[in-house]
Student: 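Okay, here's the structure, questions in a sec.
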Protein chains: 2
Amino acid sequence: MSGTAGAGLEAALARAEAACLARGAQLTELRRQVLRLVLASPQAIGAYALLDQLRAERPGAAPPTVYRALDFLLEQGLVHKVERLNAFIGCVGPEAHAHCGHGHDHPHQFLICSKCGATAEVCDDRVAAAVAEAARAAGFAPSRTTVEVEGLCAACAGSARQ
Amino acid sequence: MSGTAGAGLEAALARAEAACLARGAQLTELRRQVLRLVLASPQAIGAYALLDQLRAERPGAAPPTVYRALDFLLEQGLVHKVERLNAFIGCVGPEAHAHCGHGHDHPHQFLICSKCGATAEVCDDRVAAAVAEAARAAGFAPSRTTVEVEGLCAACAGSARQ
DNA sequence: GCGCCGGGCGATATAATGTAACGCCGCACG
DNA sequence: CGTGCGGCGTTACATTATATCGCCCGGCGC
Ligand SMILES: [Zn+2]
Ligand SMILES: [Zn+2]
Ligand SMILES: [Zn+2]
Ligand SMILES: [Zn+2]
């Protein structure tokens, strides 16, 4: 469900490259490799799983290698961190959020299936607005918001007749 | 701002005891000690900080000691975990949420000040409803929801004239 | 050319957070 | 009694994340 397949992956990488170019950020070879791995994963992927895969192309890779790349990708909004899972997921980003006009620091929410592990990113403005409103009502000035919902995805709920 | 002071702490412990009694759960001495420490903390507190403090009264305490107590307290809804901080916070619970009729698995959101670290729990039904609505729109059956907002609390925003 | 500087990264070590597994003990139940 | 189960002590380990040092390389001023 998640994960960017085949040609879509290349297209996403090309968009990422363009976005970085536009804002003067360097999408180096290492960063591109890490981004490719994150995008290719069908689920949110942990930093160490990413590291294992990265070592196939870059034998000397160590934890800081992948964490530094992830820090960059997070700053650029090309990946997100799923806090509940301590794992990372590619942003479906530009192509999916262009319609709502959000940039690289767009509001987003995650739907995490507790059965199959699939994690979907959605972008619901009403949720974002409700959260912002609740924060302001408490005299709080929000900067970044995490919304993560655990439950059953459509596929798993459908197959669970119990 | 967070943290339950003096007599309020004792009252909160008494309420916790009553709640456990009512549902047949045992609030043992260890669990009460951990709950007291969490409630007494002015901010969300990490498991290992908790462990350090716990050792004052229970020298042999080890990580499983505190994690097991926390698991129990989380199940009972007496504490919550702040995922962004990997830290735990006492539920302001019964007295604050009684008015909205929520039980020990009530919806809640956190407002985390990035300057002073204060973490406030709020209970906004519109946020909960918006999230549930967005999830259902995606064919997703939600069970548990995490909403955590990072930003500036009223006190810090007021004092930041920069 | 030459030296300086900064970002990116290799490499090592270590910190912080969280679990697995085993066994003891006390208590409820028959 | 014996049996089972929940709570907890204890040891070891797994997972996630960061600190630090130092090299390389490319840009920039001189
Ligand atoms: Zn996104
Ligand atoms: Zn599923
Ligand atoms: Zn609560
Ligand atoms: Zn503050």
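Naming convention: chains lettered A, B, ... in sequence-line order (proteins, then strands); numbering from 1 in each chain.
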Student: With a cut-off of 3.5 Å and sequence neighbours excluded, list every side-chain donor-acceptor pair involving residues 47-59 of chain B.
Tutor:
from: B/R55; atom 1: NH1; to: B/A61; atom 2: O; distance (Å): 2.4
from: B/R58; atom 1: NE; to: B/Q33; atom 2: OE1; distance (Å): 3.0
from: B/R58; atom 1: NH2; to: B/Q33; atom 2: OE1; distance (Å): 3.3

Student: Tell me, which pairs form a salt bridge (Lys or Arg N to Asp or Glu O under 4.0 Å) where one or both residues lie in residues 28-46 of chain A, sequence neighbours left out?
Tutor: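 Residue pairs passing salt bridge (Lys or Arg N to Asp or Glu O under 4.0 Å), neighbours aside: A/E10-A/R36, A/E17-A/R32, A/E29-A/R32.
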
Student: Using side chain to side chain contact (heavy atoms under 4.5 Å, CB included) as the criterion, list what pairs up with A/A25, not counting sequence neighbours.
Tutor: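 With neighbours one apart ignored, the set is A/C20, A/F72, A/Q76.
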
Student: Check the distance between D/dT15's C1' and A/L50's CG and give it to me in whole angstrom.
Tutor: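 Whole-Å distance recorded here is 15 Å.
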
Student: With a 4.0 Å heavy-atom cut-off, tell me which residues in residues 55-62 of chain B come close to DNA chain C, sorted by residue number.
Tutor: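 Those residues whose heavy atoms fall under 4.0 Å from DNA chain C, taken from residues 55-62 of chain B, amount to none.
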
Student: For B/F110, check ring-ring contact (aromatic ring centres under 6.0 Å, His included) against everything at least two apart and list the hits.
Tutor: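 Testing B/F110 for ring-ring contact (aromatic ring centres under 6.0 Å, His included), a comparison that skips the adjacent residues, returns B/H80, B/H108.
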
Student: Mind listing the side-chain donor-acceptor pairs of residues 126-139 of chain B below 3.5 Å, one per line with the distance, residues two or more places apart or on another chain?
Tutor:
from: B/E133; atom 1: OE1; to: B/R136; atom 2: NH2; distance (Å): 3.0

Student: Each nucleotide N or O in nucleotides 4-8 of chain C that has a protein N or O under 3.5 Å away: list the pair and distance.
Tutor:
from: C/dG8; atom 1: OP1; to: A/R31; atom 2: NH1; distance (Å): 3.3

Student: Could you pull out all residues at least two apart from B/A154 that satisfy side chain to side chain contact (heavy atoms under 4.5 Å, CB included)?
Tutor: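 With sequence neighbours excluded, B/A154 shows a side chain to side chain contact (heavy atoms under 4.5 Å, CB included) to no residue whatsoever.
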
Student: State which residues pass side chain to side chain contact (heavy atoms under 4.5 Å, CB included) with B/A11; sequence neighbours excluded, sorted by chain then number.
Tutor: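 Here the qualifying residues are B/R15.
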
Student: Please, which pairs that meet salt bridge (Lys or Arg N to Asp or Glu O under 4.0 Å) have at least one residue in residues 81-92 of chain B, sequence neighbours excluded?
Tutor: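 Matches after skipping sequence neighbours: B/R84-B/E150.
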
Student: Do A/V66 and A/L74 share a hydrophobic cluster (ILVMFWY, side-chain heavy atoms under 4.5 Å, transitive)?
Tutor: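 As far as the 4.5 Å side-chain criterion goes, A/L74 and A/V66 are connected within one cluster.
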
Student: I need the minimum non-hydrogen distance between A/V82 and A/I112, along with the two atoms involved.
Tutor: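 Nearest pair, atom of A/V82 first, then A/I112: CG1-CD1, 3.7 Å.
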
Student: Just by protein heavy atoms under 4.0 Å, how would nucleotides 13-30 of chain C read 5' to 3' in B, S and -?
Tutor: ----BBBBB---------

Student: In this structure, how many angstroms lie between the P atom of D/dA17 and the CD1 atom of A/I45, rounded?
Tutor: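 These atoms are roughly 13 Å apart.
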
